[in-house]
Number of protein chains: 2
Amino acid sequence: MGDAVDVIISQWAEERPELEDDLWPVQVVGRLQRLGRYLEREIKAFAASHGLEMGELDVLTTLQRSGPPYELTAGQLVKASMVTSGAITNRIDRMEAKGLVERVRDEGDRRTVRMRLTERGSEITLAFMSEHLANEARILGGLSRAECAQLGDGLRKLLESLGDTSMS
Amino acid sequence: MGDAVDVIISQWAEERPELEDDLWPVQVVGRLQRLGRYLEREIKAFAASHGLEMGELDVLTTLQRSGPPYELTAGQLVKASMVTSGAITNRIDRMEAKGLVERVRDEGDRRTVRMRLTERGSEITLAFMSEHLANEARILGGLSRAECAQLGDGLRKLLESLGDTSMS
DNA sequence: GCTGATAATCTCAACGTTGAAATAAAAACA
DNA sequence: TGTTTTTATTTCAACGTTGAGATTATCAGC
């Protein structure tokens, strides 16, 4: 008994008793929203301390983990990052100017553009990644490994039920 | 075995085997980020279908659940909503123009401004709330009530460990 | 009462994203 | 082959938030 969402739920139960039986989704959705904002702030600050923007970090890690030749089309990046195509174009514009990625036009299909991680982009990503993971581990410091695994299972089930497959 | 985050983790393990033992935070943090974005999109669309903006919905529900006299200071709204003071000023400006809230200068301390829910704002909020809860219940449809409770407990523990008390 | 420090809100330019329209290329069909 | 539809990316104005600074009011110590 005691995070902000518990307070929110009891406030509603007090103010509108007729809603009490319908408040149960808030314990999950409300907390997911709060955690989402908290994590965004935290990771944004961590990225900024390394001279990176959150969206850039997103693109860098997506390209790096895709493996050789470290290329993805703009469309693949859109699906992977859950933002619109305009945002991806914008990110790539900035990152190309910084020398982190380069655009490579596809020979077979000249509509598609592949975004390729540069040597420099890869170095920065790998240097960043282990610290990034350590930072995430710190954020989860209040939970045991077993609790993390259990929480992860619950979140996975919810994501799966929402149709969050890898690249649909 | 099968949401997008499972794929991300196995991609990293393949591309950078030396990171494998440090990837465990991703199963929680990665999923929280994806769910956060998913929920944001979903709730934003639902709010828009009722002529409301997400930030406005946030202010309306915060004021309503605070109970009579349905007033909070700008500072209290900042803490409750996890956005900056500029965003709150901006939201209240718009909502005041729409007649959803009204600014009331505090008599005792003339620095503070209370944001009061209008009659119209309250009506809209209450009409919206039960549908909003039904929508959240729909989003959680893939989980049983027991699973929701368990997931909620895990999320609460994480929030508490991050210091997310009601109004600190 | 002054004075300096603290607090609450507002202002505003910069930023990244959205969403719809535009462009351009490929595929499907006649 | 020519035409239509679909697909991939880019463009761009509008939008809400951020973050720092400005403003105004209160408080603490003298």
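Here is the naming used below: chain letters follow the sequence lines, and residue numbers restart at 1 for every chain.
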[X] has an atom [atom1]; how far is it from atom [atom2] of [N], in whole Å?
X       : N      : atom1 : atom2 : value
B/Arg41 : C/dT18 : CZ    : P     : 9 Å
A/Leu72 : D/dT9  : CG    : P     : 11 Å
B/Lys44 : C/dT18 : NZ    : C1'   : 8 Å

* Which class fits the ring pair B/Phe128 and B/His50: parallel under 30°, tilted 30 to 60°, perpendicular over 60°? ->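 Rings of B/Phe128 and B/His50: perpendicular, over 60°.
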* To do: Give a yes or no on this: more than 12 heavy atoms of other residues, nucleotides or ligands lie within 6.0 Å of atom CZ of B/Arg103.
  => yes
Any side-chain heavy-atom pair of [X] and [Y] under 4.5 Å:
X        : Y       : value
B/Asp58  : B/Met54 : no
A/Leu158 : A/Leu32 : yes
A/Lys98  : A/Asp93 : no

* How does protein reach along nucleotides 6-17 of chain C, written 5' to 3' as B (base within reach of a heavy atom under 4.0 Å), S (only sugar-phosphate), or - (no contact)? -> -BSSBB---SSB
